[in-house]
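All remarks here apply to the structure that follows.
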Amino acid sequence: MESLKIVSKERTERLAFLSKIELEEKEKEEITHQLNRILEAFKTLDELDLGEVEPTFHVVEMVNVLREDQVKSSLSQKEALSSASKTKDGFFVAPKIV
Amino acid sequence: MRLVDLTLFELSESLRSGEFTWQDAIEAYSEQIKRYDDELNAYITVNGAELSPPTGALSGAPIAVKDNICTKGLRTTCGSKLLENYIPPYDATVVKRLKEAGAIIIGKTNMDEFAMGSSTENSAFFPSKNPWDKSRVPGGSSGGSAVAVSAREAAAALGSDTGGSVRCPASFCGIVGLKPTYGLVSRFGLVAFANSLEQIGPMTRDVRDCALMMNVIAGYDEMDGTSVNRPREDYLSYLERDIKGLRIGVPREFFGEGTEEGVAREVWRSIHILESLGGKYSETNLPTLKYALPTYYLIAMSEASSNLARYDGIRYGVRAEDEGMDWSTSYSRTRSLFGMEVKRRVILGTFALSAGYYEGYYLKALKVRTLIRKDFERLFKEFDVIVGPTVPTTAFRLGEKVADPLAMYMTDIDTVTINLAGIPAISVPCGFSDGMPVGLQIMAPPFMEGRLLTVAKRIEDELKLNLAPPL
């Protein structure tokens, strides 16, 4: 029996919108198909009883790496802007937001 | 012997003694690149800058750097159309350390886009080819670095390893690759894909070169918040130790379905060699291995979806926009330049992190990650090292797995679990199967890189393989 699809094409469209990735129609179909295949294969994790298990966000057990707030040399404004496609008066130029 | 056939260690000695000059080294390697790289495609960018006389331990040895590690003034594309024009204004800490040690960055190597892949076919520019058989992939994602080292187009290289990206190509191309303990090598200047998993590691012709590279790149860096502050070690000092009494664990799961017979045969030969040298092996179990692949991919994709949000085309990278286009459309249009694998992972990661699915996917994977760590902790109470194949197969053919992401992901089945646990692992050549190199993977508890180098060196010394590919 074919299992229920986890991700519909509409959901792929929504996820692509949230991820800010413009997809062509063909890509939507392909990604929907592959997402379902991948998530189906990943269902093996459902076999495990994880009730009492704590999540591992990070393998190095360190908390709050802090230091004194000292001024150090960093990139100049010119260097920081050097890779931007559009700049004006020392600022990045962003597309119109509203 | 030709200059390019010297190991990094030998070349550095010859450069220091004056037998060769650094210009000789650059010339010899540039000649190799000119001769072979049109076909092999190890490099995305060859460093054409005027070079100045180097000083330090490496004294002008030409080193290749994966193209997701920032090099000041030298294009760093991450194998992506989005960054094809990106010239970093700073050096990654590892690059700074290499330069301080006198290395010359000879070029930037090809890779799967944003390090997402296991064959280097996901590069936005071109696939690299395996020097042992040009119809086969070199592995990935640090495929270009492995090809450069194997084909004598660099004396050594850096790669990055998020789920096997140093070890897999090392295994496929017959070189040594080390994934250090998480936190041992600075990630400052490494373009982030999945922060909690990745480390930069050396890719070298032999084990001594690996130790030499670790001496240069390992160590605390205040620019990386996850860098671990501990005393520096001399990794070269581990090479001549014996392995008498070494307890070796061989988990049966590493020889599961999909493991080629030739790979299993060569790996077992090495285990018996270690036994003959005084090691004691026992078969054991690592039951969590079957869960490592989905756990890894869910975590890596989730982290990627967050990390790659920065590519909006505004501060760096290519910006795809028409006049007057609004922010959302411009942002989405720019990111349509991602390749298919990157799109798929970012979208799947966004899914795994989204409300209603977070607990069932991302959080669940993090919990399984805990079980995987504990599984290794348990084994390391009984064993000093764990061994198995690096990859279940030898290098596959170009195009063979491109259309099937799940088949491609399976390549990583024996390597991803190491990144989840944060422990170190080395891949060392241990033989051939139908003419293609096989890698032995050796794993140890955190910060036991020295032990990995000792064991790998014993294998290398016993096998004395000829690892120069027939070019």
Side-chain angles (χ1 to χ4, degrees), chain A residues 6-7 11-12 14-24 27 30-32 34-35 37-48 50-60 62 64-67 72 74-76 78-87 92-98, chain B residues 85-90 182-183 196 222 225-226 228 290-291 294-295 297-298 305 309 312-319 321 324-333 335-336 338 340 343-344 346-351 354 361 363-371 373 405-406 409 420-422:
Chain A
I6 305 167
V7 180
R11 182 166 297 281
T12 300
R14 176 73 188 152
L15 290 167
F17 173 77
L18 290 172
S19 312
K20 292 276 168 270
I21 298 177
E22 196 176 274
L23 294 180
E24 287 170 23
E27 292 179 311
E30 192 182 337
I31 288 184
T32 306
Q34 286 166 341
L35 255 50
R37 270 195 74 209
I38 293 166
L39 291 170
E40 185 66 37
F42 287 3
K43 274 188 176 166
T44 43
L45 297 187
D46 295 343
E47 300 166 16
L48 293 163
L50 299 166
E52 301 295 308
V53 183
E54 289 294 317
T56 295
F57 285 91
H58 225 272
V59 286
V60 178
M62 44 169 72
N64 297 347
V65 181
L66 300 174
R67 61 166 173 78
K72 291 186 178 176
S74 179
L75 295 181
S76 65
K78 193 177 159 210
E79 285 171 318
L81 292 170
S82 63
S83 298
S85 56
K86 287 184 191 169
T87 61
F92 296 110
V93 177
K96 193 175 73 166
I97 290 175
V98 281
Chain B
N85 60 1
Y86 178 55
I87 297 176
Y90 69 103
Y182 187 83
S196 84
E222 64 169 14
T226 57
V228 176
K290 71 180 276 204
Y291 305 109
T295 304
Y297 274 100
L298 285 169
S305 78
D312 55 8
I314 294 174
R315 290 152 300 159
Y316 36 70
V318 172
R319 180 164 171 172
E321 155 184 54
M325 197 179 259
D326 67 67
W327 169 80
S328 182
T329 317
S330 157
Y331 197 173
S332 306
R333 176 72 49 86
R335 292 157 66 81
S336 71
F338 283 141
M340 197 55 177
K343 287 177 183 168
R344 189 157 53 224
V346 169
I347 289 173
L348 210 148
T350 304
F351 171 75
S354 60
Y361 290 96
L363 192 64
K364 184 178 282 173
L366 294 181
K367 289 180 177 179
V368 183
R369 186 175 188 181
T370 304
L371 299 182
R373 285 179 68 191
L406 274 172
Y409 298 168
L420 290 165

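All chains are named by letter (A, B, ...) in the order of the sequence lines, taking the proteins before the strands, and each is independently numbered beginning at 1.
Contact tally against chain B (heavy-atom pairs below 4.5 Å) for A:Glu24, A:Glu30, A:Arg67: the top residue is A:Glu30. The most heavy-atom pairs under 4.5 Å with chain B, out of A:Leu81, A:Thr87, A:Val93, come from A:Val93. Here B:Tyr291 is the residue among B:Tyr86, B:Trp327, B:Tyr291, B:Tyr331 with the most heavy-atom pairs under 4.5 Å with chain A. The greatest number of non-hydrogen atom pairs below 4.5 Å with chain B, out of A:Leu75, A:Leu45, A:Ile97, is found for A:Leu45.
If you measure heavy-atom distances from A:Ile21 to chain B, the contacts under 4.5 Å come from both the backbone and the side chain. If you measure heavy-atom distances from A:Leu39 to chain B, the contacts under 4.5 Å come from the side chain alone. Residue contact with chain B, scored on non-hydrogen atoms closer than 4.5 Å, involves the side chain of A:Lys72 exclusively. With a 4.5 Å cut-off on non-hydrogen atoms, A:Phe57 touches chain B through its backbone and its side chain both. Residue A:Leu48 touches chain B through its side chain alone, counting heavy-atom pairs closer than 4.5 Å. In this structure, the portions of A:Ser85 lying under 4.5 Å from any heavy atom of chain B include both its backbone and its side chain. Residue A:Glu79 touches chain B through both its backbone and its side chain, counting heavy-atom pairs closer than 4.5 Å. Looking at A:Arg14, neither its backbone nor its side chain comes within 4.5 Å of chain B, counting heavy atoms on both sides.
To the nearest 0.5 Å, atom OG1 of residue A:Thr12 and atom CZ of residue B:Arg344 are 12.0 Å apart. Rounding to the nearest 0.5 Å gives a distance of 12.0 Å between OG of B:Ser330 and NZ of A:Lys96. Put simply, CD on A:Glu54 and CG on B:Leu366 are 11.0 Å apart, with the number rounded to the nearest 0.5 Å. Between atom CD1 of residue B:Ile347 and atom CG of residue A:Leu23 there is a gap of 4.5 Å, rounded to the nearest 0.5 Å. For the atom pair CZ (B:Phe351) and OG (A:Ser19), the distance works out to 12.0 Å, reported to the nearest 0.5 Å. Annotation: the span from A:Leu50 atom CG to B:Thr370 atom OG1 amounts to 9.0 Å, rounded to 0.5 Å.
Between B:Ser328 and A:Phe17, the closest side-chain pair of non-hydrogen atoms falls below 4.5 Å. Annotation: side chain of B:Arg369 is not in contact with side chain of A:Pro55 (no heavy-atom distance under 4.5 Å). Looking only at side-chain heavy atoms (C-beta outward), A:Asp46 and B:Lys364 come within less than 4.5 Å of each other. Side-chain contact between B:Glu222 and A:Val65 is absent, with no heavy-atom pair separated by less than 4.5 Å. When side chains are defined from C-beta on, A:Val7 does not count as touching B:Leu348, because their heavy atoms never get closer than 4.5 Å. Side-chain contact between A:Val60 and B:Thr226 is absent, with no heavy-atom pair separated by less than 4.5 Å.
For the pair B:Lys343 and A:Glu27, the salt-bridge criterion is met [side-chain N within less than 4.0 Å of a carboxylate O]. Using a cut-off of 4.0 Å between Lys/Arg side-chain N and Asp/Glu carboxylate O, A:Glu47 and B:Lys290 are scored as salt-bridged.
Closest approach of B:Arg335 and A:Lys20 over heavy atoms only: NE-O, 2.9 Å. The shortest non-hydrogen separation linking B:Ile314 to A:Ala94 is CD1-CB, 3.9 Å.
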Between B:Leu406 and A:Gln34, is the side chain to side chain contact (heavy atoms under 4.5 Å, CB included) condition met? List the steps. CA-CA 9 Å; B:Leu406 274 172; A:Gln34 286 166 341; over 6 Å; no
